[in-house]
Student: 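First, the structure itself, so that you have it in front of you.
In this chain, numbering begins with 1 at the start of the sequence shown. Being a predicted model, the structure only gives us computed values, none of them experimental.
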Amino acid sequence: MENKTSKYFKYAIGEIVLVVIGILIALQINNWNELKKAREKENNALTEIISDLDTNISSLNGIVYTDANAIVKCMKSINIIIKNLQDTKVYNDTLNKHFWQTFRYPDLDLKSSGYESLTSIGMDLISDNETRSEIGKYYTYSIPDLKAAYKELRDDFYHYMLDLLRKEFIATGIKNDTKTIIPVNYELLVANREYVESLKTYFAVFDYYQEKSIEVIKASNELKAKIELNL
């Protein structure tokens with residue numbers, strides 16, 4: 001009887017051990033599945049952010065260099081007009097396209113849907129602390145700084161430059177696919193200190209906008225490289 005009881009007891013212990021092992025294995029498998037799902041969500045979020053970064057890099061390169069109203073084109077025209085008004089002081093019709101360009105600026109169009117999706121889920125989804133920190137810094141510091149520079153440029157245009165455009169120039173429409181304007185009176189424009197100083201200020205604001213745009217292009221490329229390494 002004692003031998004049978006001992007055997008039953010050992011059998012029961014064995015059954016309990018097997019059940020516990022089975023539960024632990026099931027929990028581990030469940031943990032693996034949950035971890036796999038989390039990593040899939042993380043990879044999807046990071047892939048979407050990379051898409052945002054690609055869009056921003058392309059957009060900012062256009063804003064700075066290649067768009068019709070690119071920063072470098074506007075700044076070049078502003079320099080030409082300032083030099084002409086202060087040094088040459090002689091009007092010629094080749095200035096008309098530069099007069100027009102001095103009153104332009106590129107719009108800022110940035111994409112952040114990937115980051116917005118990530119914040120709605122939770123930044124803790126990103127497992128790598130450094131990558132998570134860099135993403136946060138990009139969207140909470142770099143992008144807002146650039147938007148502030150853009151707002152300053154836009155405000156300067158609407159508060160000062162637009163009024164000068166209306167008072168001092170006549171639109172000539174489109175000629176050879178190039179928009180132009182002509183001064184109402186060039187001699188008076190040369191003597192108009194407000195106009196010249198406004199152009200100088202506008203140039204300085206453009207320069208700051210360009211600086212911030214180039215900084216964000218660099219930050220975008222660096223963040224993209226870091227995320228791709230993480231993936």
Student: If two hydrophobic side chains count as joined below 4.5 Å and joins carry through other members, does V72 share a cluster with W100?
Tutor: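 Both belong to a single hydrophobic cluster.
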
Student: Nearest 0.5 Å, please: how far is CG in D109 from CG in D67?
Tutor: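 The CG atom of D109 is 10.5 Å from CG of D67, to the nearest 0.5 Å.
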
Student: Is it true that L189 and L162 fall in one hydrophobic cluster, defined by side-chain heavy atoms closer than 4.5 Å?
Tutor: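 Linked, L189 and L162 end up in one cluster.
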
Student: Please report the C-alpha distance between L53 and Y138 in whole Å, then the side-chain angles of each, then the deciding distance to 0.1 Å, and finally whether the side chain to side chain contact (heavy atoms under 4.5 Å, CB included) criterion is met.
Tutor: CA-CA 10 Å; L53 294 172; Y138 176 82; 3.5 Å; yes

Student: Listed by chain and number, what are the ring pair (Phe, Tyr, Trp, His ring centres under 6.0 Å) partners of F203, not counting sequence neighbours?
Tutor: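 Applying ring pair (Phe, Tyr, Trp, His ring centres under 6.0 Å) to F203 gives none.
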
Student: Could you check F169 against F99 for ring-ring contact (aromatic ring centres under 6.0 Å, His included), going step by step and ending with a plain yes or no?
Tutor: CA-CA 9 Å; F169 293 90; F99 278 125; 5.1 Å; yes

Student: Of all heavy-atom pairs between A45 and L125, which one has the smallest distance, and what is that distance?
Tutor: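 It is CB-CD2, 4.2 Å.
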
Student: To the nearest 0.5 angstrom, please state how far the OH atom of Y195 sits from the CG atom of D163.
Tutor: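 Atom-to-atom, Y195:OH and D163:CG are 13.0 Å apart.
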
Student: Would a single hydrophobic cluster contain both L165 and L95, if residues Ile, Leu, Val, Met, Phe, Trp and Tyr are joined by side-chain heavy-atom contacts under 4.5 Å?
Tutor: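 Linked, L95 and L165 end up in one cluster.
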
Student: Any chance the side chains of D155 and Y160 put a donor and an acceptor closer than 3.5 Å?
Tutor: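 Looking only at side-chain atoms, Y160 and D155 do not form any donor-acceptor pair under 3.5 Å.
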
Student: Passes side chain to side chain contact (heavy atoms under 4.5 Å, CB included), V216 versus N56? Steps please.
Tutor: CA-CA 9 Å; V216 173; N56 292 348; 5.8 Å; no

Student: Looking at side-chain heavy atoms only, is the closest gap between Y209 and C74 below 4.5 Å?
Tutor: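 Side-chain contact under 4.5 Å: no.
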
Student: Take I63 and N69 through the side chain to side chain contact (heavy atoms under 4.5 Å, CB included) test and state the conclusion after the steps.
Tutor: CA-CA 7 Å; I63 285 171; N69 297 322; over 6 Å; no

Student: Judged by modelled atom types alone, do Y202 and T102 share a side-chain donor-acceptor pair under 3.5 Å?
Tutor: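 Their side chains do not contain a donor-acceptor pair, so the 3.5 Å distance test is not met.
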
Student: Please check if the side chain of N230 supplies one atom and the backbone of K226 the other of a donor-acceptor pair under 3.5 Å.
Tutor: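 Between the backbone of K226 and the side chain of N230 there is no qualifying donor-acceptor contact (under 3.5 Å).
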
Student: Testing the basics here: between G114 and I49, what is the closest heavy-atom pair and its distance to 0.1 Å?
Tutor: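 Looks like C-CG1, 3.8 Å.
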
Student: Where is the tightest heavy-atom contact between Q101 and K73, given as atom of each residue plus distance?
Tutor: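 Minimum heavy-atom separation between Q101 and K73: CG-O, 3.8 Å.
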
Student: Is there a donor-acceptor contact under 3.5 Å from the side chain of S59 to the main chain of T55?
Tutor: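 Checking the backbone N and O of T55 against the side chain of S59, no donor-acceptor pair under 3.5 Å is found.
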
Student: Tell me whether the rings of Y158 and Y105 are parallel (<30°), tilted (30 to 60°) or perpendicular (>60°).
Tutor: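 Taking Y105 first and then Y158, their aromatic rings stand perpendicular (interplane angle over 60°).
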
Student: What verdict does the side chain to side chain contact (heavy atoms under 4.5 Å, CB included) test give for K111 and S51, after you've listed the backbone C-alpha separation in whole Å, the side-chain angles of each residue and the deciding distance to 0.1 Å?
Tutor: CA-CA 9 Å; K111 186 180 177 187; S51 176; 3.5 Å; yes

Student: State yes or no: do L164 and L153 share one hydrophobic cluster built from I, L, V, M, F, W and Y residues joined by side-chain heavy-atom distances below 4.5 Å, directly or via other members?
Tutor: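 Same cluster.
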
Student: Do Y186 and N84 have side-chain N/O donor and acceptor atoms under 3.5 Å apart?
Tutor: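 Their side chains do contain a donor-acceptor pair, which is all the 3.5 Å distance test asks for.
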
Student: Which heavy atom of L60 sits nearest a heavy atom of S213, and at what distance?
Tutor: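 Looking at all heavy atoms of both residues, the shortest contact is CD1-O, 4.1 Å.
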
Student: Using side chain to side chain donor-acceptor pair (under 3.5 Å), reason through S112 and Y139 one step at a time and then give a plain yes or no.
Tutor: CA-CA 8 Å; S112 60; Y139 283 101; over 6 Å; no

Student: Considering all heavy atoms of both residues, which atom of S113 and which atom of D52 are nearest to each other, and what is their separation?
Tutor: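 The pair with the smallest heavy-atom distance is N-OD2, 3.2 Å.
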
Student: Can you confirm whether L223 sits close enough to I50 that some side-chain heavy atom of one is under 4.5 Å from a side-chain heavy atom of the other?
Tutor: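 They are not in contact (no side-chain heavy atoms under 4.5 Å apart), so the answer is no.
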
Student: Of all heavy-atom pairs between G62 and A70, which one has the smallest distance, and what is that distance?
Tutor: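 Nearest heavy atoms, G62 then A70: O-CB, 3.7 Å.
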
Student: Applying a strict under-4.5 Å side-chain criterion to I, L, V, M, F, W and Y, I'd like to know whether L85 and L188 cluster together.
Tutor: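 No, L85 and L188 fall in different hydrophobic clusters.
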
Student: Could you give the distance from CD1 (I135) to CE (M123), rounded to the nearest 0.5 Å?
Tutor: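 Taking CD1 in I135 and CE in M123, the distance rounds to 5.5 Å.
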
Student: What residue pairs, at least two apart or across chains, pass salt bridge (charged side-chain N to carboxylate O under 4.0 Å, His left out) with a residue in residues 184-202?
Tutor: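 Matches after skipping sequence neighbours: E197-K200.
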
Student: Is the shortest heavy-atom distance from the side chain of E134 to the side chain of E222 under 4.5 Å?
Tutor: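 Not touching, per the 4.5 Å side-chain cut-off.
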
Student: I want to check something: taking the side chain as every heavy atom from C-beta on, are F103 and I181 in contact at a cut-off of under 4.5 Å?
Tutor: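 Heavy-atom side-chain distance check passes, below 4.5 Å.
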
Student: At what distance, to the nearest 0.5 angstrom, does NZ of K218 lie from OG of S142?
Tutor: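 OG of S142 is found 11.0 Å from NZ of K218.
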
Student: Would a 4.5 Å heavy-atom cut-off, applied to side chains only, mark M161 and L199 as touching?
Tutor: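 Heavy-atom side-chain distance check passes, below 4.5 Å.
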
Student: Side chains of S127 and E42: any donor to acceptor distance under 3.5 Å?
Tutor: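 The answer is yes; a qualifying pair exists.
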
Student: Once rounded to the nearest 0.5 Å, what's the spacing between atom CD1 of I80 and atom OG1 of T88?
Tutor: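 Taking CD1 in I80 and OG1 in T88, the distance rounds to 10.5 Å.
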
Student: Quick check for you: to the nearest 0.5 Å, what is the distance between D156 atom CG and F206 atom CZ?
Tutor: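 So the CG of D156 and the CZ of F206 are separated by 9.5 Å.
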
Student: Checking side chain to side chain contact (heavy atoms under 4.5 Å, CB included) between Y91 and each of N96, V190, N185, which is the one that passes?
Tutor: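 Testing each of N96, V190, N185 against Y91, the sole residue satisfying side chain to side chain contact (heavy atoms under 4.5 Å, CB included) is N96.
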
